[in-house]
Amino acid sequence: MKKLLGLFFLMLLLVSATTFTSSKLQTASSLEGTWELINRYNYDESGVSDTLQNVNGYRQIKIYSKGKVMWTRYAPDDPAEWFGYGSYTNTEHELEERLEFGSAVMMGIQDTVQVFRFELILDKNNYSQISLDEEGHRTFAENYRRID
């Protein structure tokens, strides 16, 4: 009986440790959650050439959940509405978004760009999606921090 009870507690401990470890690993390497744009970078041949800060109440939020992405942008100086919804996939170093619908301005862009592909740099609380030119050089980045 003591052996059976000991075995039960050992299994319970292993299952608990596995569940805790798995959830920590997913959070550290997952886009799942809500993110806010903190700044943008422009690149030239030598690296980051300019950092563009959010000003005058500008906000951009992205939400990733179960393979879906939704984003919205508020810019007090821009009367156009900016939002989009679609699906996403990512690997350790790449992010791909396919928008299904969005604001009129975004749908105009979607007519020419069906799939948005980015270089991805991701850690637990921050990520950067980096646009590349035809030759694979970095051109522009959006840098986000996790808010949920």
Side-chain angles (χ1 to χ4, degrees), residues 8 10-148:
F8 173 76
L10 180 61
M11 287 181 60
L12 184 63
L13 178 67
L14 289 174
V15 169
S16 297
T18 302
T19 303
F20 178 73
T21 303
S22 297
S23 67
K24 283 187 80 172
L25 290 174
Q26 180 184 13
T27 302
S29 62
S30 174
L31 279 171
E32 294 275 318
T34 306
W35 302 83
E36 183 169 14
L37 182 73
I38 53 174
N39 59 32
R40 295 166 300 283
Y41 293 157
N42 287 322
Y43 291 89
D44 63 18
E45 59 280 346
S46 62
V48 175
S49 62
D50 194 16
T51 300
L52 307 170
Q53 299 295 334
N54 297 337
V55 295
N56 300 331
Y58 181 98
R59 290 193 73 193
Q60 183 166 307
I61 304 292
K62 280 195 169 188
I63 302 170
Y64 294 94
S65 178
K66 300 176 186 167
K68 298 295 184 181
V69 59
M70 172 111 188
W71 68 269
T72 185
R73 176 169 82 186
Y74 174 70
D77 300 335
D78 183 356
E81 291 185 358
W82 289 88
F83 64 86
Y85 170 81
S87 61
Y88 81 95
T89 57
N90 71 286
T91 64
E92 185 177 351
H93 299 290
E94 294 180 344
L95 169 62
E96 181 177 290
E97 296 179 355
R98 296 176 180 268
L99 292 185
E100 296 172 25
F101 70 88
S103 60
V105 175
M106 198 63 223
M107 292 308 287
I109 293 170
Q110 187 183 11
D111 284 345
T112 59
V113 180
Q114 296 295 317
V115 178
F116 297 87
R117 289 185 181 92
F118 306 100
E119 176 184 348
L120 176 65
I121 300 174
L122 171 65
D123 65 33
K124 184 177 178 181
N125 294 310
N126 298 282
Y127 91 87
S128 295
Q129 62 181 51
I130 304 167
S131 298
L132 306 174
D133 66 16
E134 301 79 32
E135 298 171 0
H137 300 110
R138 291 176 171 178
T139 58
F140 183 78
E142 291 182 348
N143 305 304
Y144 291 85
R145 69 178 160 86
R146 184 181 297 275
I147 58 175
D148 181 33

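Side chains included, hydrogens not; waters and symmetry mates left out as well; all remaining heavy atoms used.
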Check your understanding: Is Arg138 salt-bridged to Glu119, going by a charged N under 4.0 Å from an acidic O?
Key -> yes
Check your understanding: Can we say Arg98 and Glu100 salt-bridge, meaning some charged N sits less than 4.0 Å from an Asp/Glu carboxylate O?
Key -> no
Review point. Ignoring hydrogens and geometry, is there a side-chain-to-backbone donor-acceptor pair from Glu32 to Lys66 under 3.5 Å?
Key: yes
Check your understanding: Which value, rounded to the nearest 0.5 Å, describes the distance between Ser128 atom OG and Ile38 atom CD1?
Key -> 7.5 Å
Exercise for review: Would you indicate whether the side-chain heavy atoms of Tyr85 and Val69 approach each other to under 4.5 Å?
Suggested key: no
**Study point:** Inter-residue atom distance Thr91.OG1 - Leu122.CG, 0.5 Å rounding
**Key:** 10.5 Å
Review point. So which heavy atom on Pro79 is nearest to which on Asp77, and how close?
Key: CD-O, 3.8 Å
Revision key, fill the gap. In terms of heavy-atom contacts, Thr139 and Leu132 come closest through OG1-N, 4.2 Å
Check your understanding: Under the criterion ring-ring contact (aromatic ring centres under 6.0 Å, His included), which of Tyr127, Trp71, Phe118 is the partner of Tyr144?
Key -> Tyr127
Revision key, fill the gap. Minimal heavy-atom distance between Asn56 and Pro76, with the atoms involved, is O-CG, 2.9 Å
Review point. Do Asn42 and Val48 have side chains that get closer than 4.5 Å, going by heavy atoms?
Key: no
Review point. What distance do Arg73 atom CZ and Asn54 atom CG have between them, rounded to the nearest 0.5 Å?
Key: 10.5 Å
Check your understanding: Heavy atoms, side chains only, cut-off 4.5 Å: are Phe140 and Ile130 in contact?
Key -> no
**Study point:** Nearest-0.5 Å distance that lies between atom OG1 in Thr72 and atom NZ in Lys62
**Key:** 12.0 Å
Review point. Can you tell me if Thr51 and Asn39 form a side-chain donor-acceptor pair at under 3.5 Å?
Key: no
Check your understanding: Do Arg146's NZ or CZ and the ring of Tyr64 fall within the cation-pi criteria of under 6.0 Å and 45°?
Key -> no
Review point. How long is the span from the CH2 atom in Trp35 to the CD1 atom in Ile63, to the nearest 0.5 Å?
Key: 12.5 Å
Review point. If we only count heavy atoms from C-beta on, is the Glu36 to Ile61 side-chain gap below 4.5 Å?
Key: yes
**Study point:** Closest approach of Ala75 to Tyr58 (non-hydrogen atoms, all atoms of both residues)
**Key:** CB-CD1, 3.7 Å
Point to revise | Shortest non-hydrogen contact from Val105 toward Ala80 | key: CG2-CB, 3.7 Å
Point to revise | Inter-residue atom distance Asn126.CG - Asn143.CG, 0.5 Å rounding | key: 8.5 Å
Practice item. Check whether any side-chain N or O of Asn90 sits under 3.5 Å from a backbone N or O of Glu94 as a donor-acceptor pair, and report yes or no. Key: no
**Study point:** Glu81 CD: over 12 foreign heavy atoms closer than 6.0 Å
**Key:** no
Practice item. Find out whether Met106 and Phe83 are in side-chain contact, i.e. whether some heavy atom of one side chain is under 4.5 Å from a heavy atom of the other. Key: no
Check your understanding: Could Glu142 and Arg40 be called an ion pair, given the rule that one side-chain N must be under 4.0 Å from one carboxylate O?
Key -> no
Review point. Going by an N to O cut-off under 4.0 Å, is there a salt bridge joining Lys68 and Glu97?
Key: no
Revision key, fill the gap. Heavy-atom closest pair (Ser103 atom, Trp82 atom, distance to 0.1 Å) is OG-CA, 3.5 Å
